[in-house]
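Reminder, nothing fancy here: chain letters follow the sequence lines and each chain counts from 1.
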Amino acid sequence: MKDGAGSPVGAVLVVGGGISGVQASLDLASSGFKVYLVEKAPMIGGKMAQLDKTFPTLDCSL
Amino acid sequence: MAEAGRHPNIRVLANTDIETVEGEAGNFTVTVTRRPRYVNEDLCVGCRTCSTYCPQTLPNVFDENLSAAKAIDILCTQSIPAVAAVNREACLYFQNKCTICLGVCKAKAIDFSQKRKKGVMHVGAIIVSPGYEVFDAKIAGAYGYGRLKNVMNSLEFERVLSASGPSKGEVLRRSDGKIPSKIAWLQCVGSRDARVGHSYCSGICCTYAIKQMILVKHHYPSIEVSIFHNDIRSFGKGFEDFYNRARQMQGARFIRKRISSIKENKRNNNLIVTYTSDGCHTIEEEEFDMAVLSVGMSPSKANGALAGILGLELNHHGFCHTDSFSPGEIAGRPGIFAAATFTGPMDIPDSISSASGAGAAAAQLLSSRRGTLTLPKAYPIARFIEGEEPRIGVFVCHCGTNIAGVADVSSLLAHASALKDVVHCEDQVVSCASDSLQKITKAIKEKRLNRVVISACSPKDHEEAFREALRESGLNPYLLDIANIREQCTWVHYGSKDEANQKAKEIISMSVARARNLCPIEDIKLPINKNGLVIGGGLAGMKAALSLARQGFKVYLVEKNEELGGQLAMLHYTLDGMPVKPFLKNLIAEIKSNNNIEVFRGYELKSFAGYVGNFKSTLAGVNNAKAASVELEHGIVIVATGGQLLKPAEYRYGESQKVVTQQELEQMIASNSLPGDLKQVAIIQCVGARNEKRKYCSRICCGEALKNALKIKELNENTDVVVFYRDLRAYGFREDYYLQARDKGVLFIQYEPENKPEIDLQRESLSLSFYDSILNMKGELNPDLLILSTPIIPEGNQELSQLLRVSLTGDGFFMEAHMKLRPLDTATDGIFLCGMAHYPKYIPETINQADGAALRAATILSQNSITASGAVCWIAEDKCISCGACISVCRYGAIEFCETPHGKKAGINPVLCKGDGLCNSTCPTGAISLRHFVDEGITAQIDSAFEA
Ligand SMILES: Cc1cc2nc3c(=O)[nH]c(=O)nc-3n(C[C@H](O)[C@H](O)[C@H](O)COP(=O)(O)OP(=O)(O)OC[C@H]3O[C@@H](n4cnc5c(N)ncnc54)[C@H](O)[C@@H]3O)c2cc1C
Ligand code: SF4
Ligand code: SF4
């Protein structure tokens, strides 16, 4: 970011695609940034995808 | 979740590991390795033919190994990406024994020649959100996990409860496949237990165990559910209600005891749990036929390696180290931000707030480069369908067993395909999953459908996702109707399957009848005012304003008091020992010196109008006379009005100098006016909270009590400190301070609300009688000082909620759009929420929400225009008789008289109109119609209902 280091890059790397990584990615992508969402598993979703219904609303988790 | 897979600016790289990170904030170079999935993601259509034929089975990790998967498989129906992957260790191809899947895959997507691929990315910032692991209950060996068949951990039990899980939602014993009649939950397994290396509280397990008990009871009213717990730490918004609800269930027991071991009854594989009765040291036993271990959150075993790659520090618990005043920042690593459960245990809403907060920090850093690498989402040009005969496609969702477990989906399909104009019918396991949505898009294109009926859940759930599927196929999104056969049918009639099936058919017929009459509607595009209004100048408001300003937007910050600071100004130090005053001073200085922020101190909101992107507000001076009112125009609002501390009406507060609140005590400590020779201090928790009048738990008072108890001990270790509590809710790492307080000799006495400590009013000195409900005995104290922990209460929310038309919860806090998934949004587009206006919370939680709300707001302010739904009312001017009836019924102020060549006529502001149709049914001349609910459609729907 300092002068001379070149101008910053308008892209963000998100490490981990659970609900938090997905939320950060969506917010950043919707406000003008390119996002790389890196997930080590074959699918995103993390633990939340495994939950049945979630507190306190008891609606389905996805 | 599916949205992330579809977003044009998100590249999802699954099966990928981070290798190296170089560079600095603004310019990082990251190398990654993509492990081969041996399936080409672009070719695979997710049909799972390969897994059907694959001969090699292995445990399905998504189902916590409770079901079987194949060596090539898609592990869950909602997987994103919805493509198969090969498990290399299990696959027989690599043992030169099998090539079956290659032969059966019609898409030719399987590719065993794939190699590990290196990739390099250039990014300006990094967000680290690798989550957590559940505690390995084998370490707590006494509970028999891994040895005894009917002992499960709670995540396995989540899968068991799930309709798409290993037993399709049926709760069955592993030993004999029978439904259990008595289930026990064991709390704090792998949490609050230094012996297993986890002294902290995981904060989520009390509430998820309560959830699981409620779900079991809902499905099987006769199963007895018992929970063995320490404190019940249901501290979040809405959680206490949830807890009370569970307590009232028939056959639910809450037992405040810690189980020492579980043994098996060899005859029937039942479980014998052993615990000691407190007070007397007798050992008690009880038999259950199933036990669920409420396992806590552990830091991921890979955290160390990740920390090494990213150059960051872990705390002594193994989570990422952050501090109270910068919960998303990592000391010494600018440009890298930590989110959610990587920083400590938390639930979904808090994870979401924290993730948005970390995102905001990245957006601030890179604000000058916004929009340089992104593309707007492109849709095919909408097809012109005028003049076409209706060609209707009907999609019937199984919704796991939610629908298919009650209705017979194949008979619904047969019924639908016989209906007039229906040219395509298809059933789907989960219609809202991304692969199903793609199939809908594909069918529309291939079959040239011009109307679509989705028979699934309520339109409230996924209508937008289905509309998106239409848009992507080049069909106007309003040519969709949703037949709600779940909430309005299978959920409510699960007891009578035949009738439910019949009703589902009728609902589908009605929906098809309406669909036939649907017309395309164009949405409305509007410009956006790029300024933000933040209401409330406490910690939340100041943080939100700063974040917005640093993201490049102009902000108006309104504070009704003459000074900024709110409740933060009353604090001196935090539980983790950080001094508050310098932090506050610095924050105010940053606000004052930021050119993007205009502060209005001593002002409040007087009037409010408009809609997302285009709000108009009037501010008026609180001491009205002197200040002139101010008119503002802005695109978003952030509500950050905080709360107040309750002044208690009990325990002689106000009468005796010796009875003070936590806040007053803190003031005394900070100003050195606490007598040095205090012999004994008593603290009472939940004064004015968790009772009939104020049902909620105020979340922060337990931590405040610990903080001040420790401070008193620090000042004079000989002062006796006694804390009377109901449940000591020291969640997360706060448990460390609870342990510290115990170590320092602070005495904790548990009381039940029926037996609250009582103060003796007769005597001049304080006399406190109490009943210790753990030891089952009475006692009496004569403390020199009595400190009352009182809750945060909402203040002024009623008026503001009316002005903004944003609802409040029953407890009087502002209501979010969705308790779990949208904690920072309100139901009104463009109005956001953070801090204690939402619910009582600690400083780091407030900061996460404030930054997060600022990023949520930026998703609007960064656009150049906003789209409002075209599904609104319109007025046939020639029929309007200017009676004004519509104006008086519209709750959104969307109708006004306008001058026309034919005089004054009612005119609708399509942006404010929500299309709820109140005006339309009120208009005496029938001048108003609803674009998306035309009379023809509704009549056809009613006719169809009576035909049946
Ligand atoms: C039994 C149980 C029940 C629960 N019930 C509820 C409930 O009802 N309501 C509620 O609010 N909360 C509940 N929770 C808590 C909830 O699971 C968490 O709050 C939430 O899922 C945390 O999300 P996360 O994104 O932080 O982490 P995770 O879900 O763990 O996601 C992290 C992701 O990052 C990936 N990852 C990790 N390391 C790397 C790396 N180095 N590179 C790339 N990717 C990586 C992981 O594979 C994973 O996909 C429950 C938890 C449990 C255990
Ligand atoms: S007290 Fe904490 S660790 Fe124990 S079960 Fe409750 S939330 Fe989990
Ligand atoms: S003292 Fe406060 S935080 Fe603790 S349980 Fe009572 S209301 Fe909740």
Side-chain angles (χ1 to χ4, degrees), chain A, chain B residues 1 3-4 7 9-18 25-27 30 32 37 78-80 85 121-131 158-159 161-162 207-208 211 215 238-239 242 339-340 348 351-352 355-356 358-359 362-363 366 369-374 819-820 855 858-859 862:
Chain A
M1 264 288 272
K2 286 173 221 104
D3 286 340
S7 60
V9 184
V12 180
L13 166 72
V14 177
V15 184
I19 180 62
S20 56
V22 167
Q23 181 68 38
S25 301
L26 284 171
D27 285 344
L28 284 165
S30 307
S31 57
F33 301 99
K34 169 89 198 162
V35 175
Y36 300 98
L37 173 56
V38 168
E39 167 59 58
K40 69 176 178 192
M43 57 175 274
I44 60 170
K47 236 65 97 240
M48 192 177 99
Q50 287 179 280
L51 303 180
D52 177 35
K53 304 191 169 71
T54 46
F55 65 73
T57 50
L58 284 191
D59 54 4
C60 46
S61 84
L62 284 170
Chain B
M1 215 58 92
E3 219 184 319
H7 203 291
N9 298 329
I10 301 178
R11 173 115 193 268
V12 176
L13 298 161
N15 252 9
T16 302
D17 299 312
I18 305 285
N27 270 299
V30 182
V32 298
R37 66 195 297 142
Q78 277 136 312
S79 169
I80 298 163
M121 306 183 267
H122 297 287
V123 295
I126 300 175
I127 296 199
V128 198
S129 51
E158 287 285 332
R159 295 311 304 145
L161 286 171
S162 169
T207 317
Y208 77 55
K211 165 190 79 175
L215 291 172
F239 296 4
F242 204 62
I348 296 167
S351 293
I352 289 185
S356 294
L366 306 176
R369 310 298 293 162
R370 185 193 299 285
T372 50
L373 296 174
T374 49
M819 270 276 198
K820 187 184 70 193
L855 182 60
T859 62
S862 61

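Only the side chain of B/R37 comes within contact range of chain A, with heavy atoms under 4.5 Å apart. If you measure heavy-atom distances from B/Y208 to chain A, the contacts under 4.5 Å come from both the backbone and the side chain. Residue contact with chain A, scored on non-hydrogen atoms closer than 4.5 Å, involves the side chain of B/L215 exclusively. Using a 4.5 Å cut-off between heavy atoms, B/S862 touches chain A through its side chain atoms alone.
Options B/A125, B/S356, B/A358, B/G238 differ in how many heavy-atom pairs under 4.5 Å they form with chain A, and the most are formed by B/A125. The residue among B/S351, B/A85, B/S79 with the most heavy atom pairs within less than 4.5 Å of chain A is B/S79. For the set B/A339, B/G124, B/P130, B/G371, the count of heavy-atom pairs under 4.5 angstrom toward chain A peaks at B/G124. Ranked by heavy-atom pairs under 4.5 Å with chain B, the first of A/G17, A/G18, A/S25 is A/S25. The candidate with the highest count of non-hydrogen atom pairs below 4.5 Å against chain B, out of A/G16, A/G32, A/G46, A/A41, is A/G32. Highest contact tally toward chain A, considering only B/D17, B/V30, B/V32, B/I18, is held by B/I18 [criterion: heavy-atom pairs under 4.5 Å].
In plain terms, the two heavy atoms of A/Y36 and B/V123 that are nearest each other are CD1-CG1, 3.7 Å. Nearest approach of B/A362 to A/V12, heavy atoms of both residues: CB-CG2, 4.3 Å. Among all heavy-atom pairs drawn from A/K34 and B/T374, the shortest one is N-CG2, 3.5 Å. Shown here for A/A11 and B/H122, the closest heavy-atom pair between the two residues is CB-O, 3.9 Å. Nearest heavy atom pair, residue A/P8 against residue B/N27, reads CA-ND2, 4.1 Å. The nearest pair of heavy atoms linking B/A355 to A/A24 is O-CB, 3.8 Å.
By the 6.0 Å contact criterion, CZ on B/R11 is open, its count of non-hydrogen atoms from other residues, nucleotides or ligands being 12 or less.
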Could you walk me through whether A/L51 and B/I348 pass the side chain to side chain contact (heavy atoms under 4.5 Å, CB included) test, one step at a time?
CA-CA 11 Å; A/L51 303 180; B/I348 296 167; 4.1 Å; yes

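Using bins of under 30°, 30° to 60° and over 60° for the plane-to-plane angle, the ring pair B/F239/A/F55 lands in the perpendicular bin.
For the atom pair B/L13 CG and A/I44 CD1, the distance stands at 11.0 Å (nearest 0.5 Å). Expressed to the nearest 0.5 Å, how far CG of A/L13 lies from CE of B/M121 amounts to 5.0 Å. Atom-to-atom distance recorded for B/E158:CD and A/T54:OG1 is 8.5 Å, nearest 0.5 angstrom.
You'll find the side chain of B/I127 reaches within 4.5 Å of the side chain of A/L28, heavy atoms only. Between A/E39 and B/V12 there is no side-chain heavy-atom pair separated by less than 4.5 Å. Residues B/I10 and A/V22 form no side-chain contact, since every pair of their non-hydrogen atoms from C-beta on lies 4.5 Å or further apart. By the 4.5 Å heavy-atom criterion applied to side chains, B/H7 and A/S30 are counted as neighbours.
Using modelled atom types, one side-chain atom of B/S129 and one backbone atom of A/V15 make a donor-acceptor pair closer than 3.5 Å. Without hydrogens or angle criteria, B/R370 side chain to A/S31 main chain gives a donor-acceptor distance under 3.5 Å. The main-chain N or O of A/D27 is never found under 3.5 Å from a side-chain atom of B/T859 such that the two would form a donor-acceptor pair.
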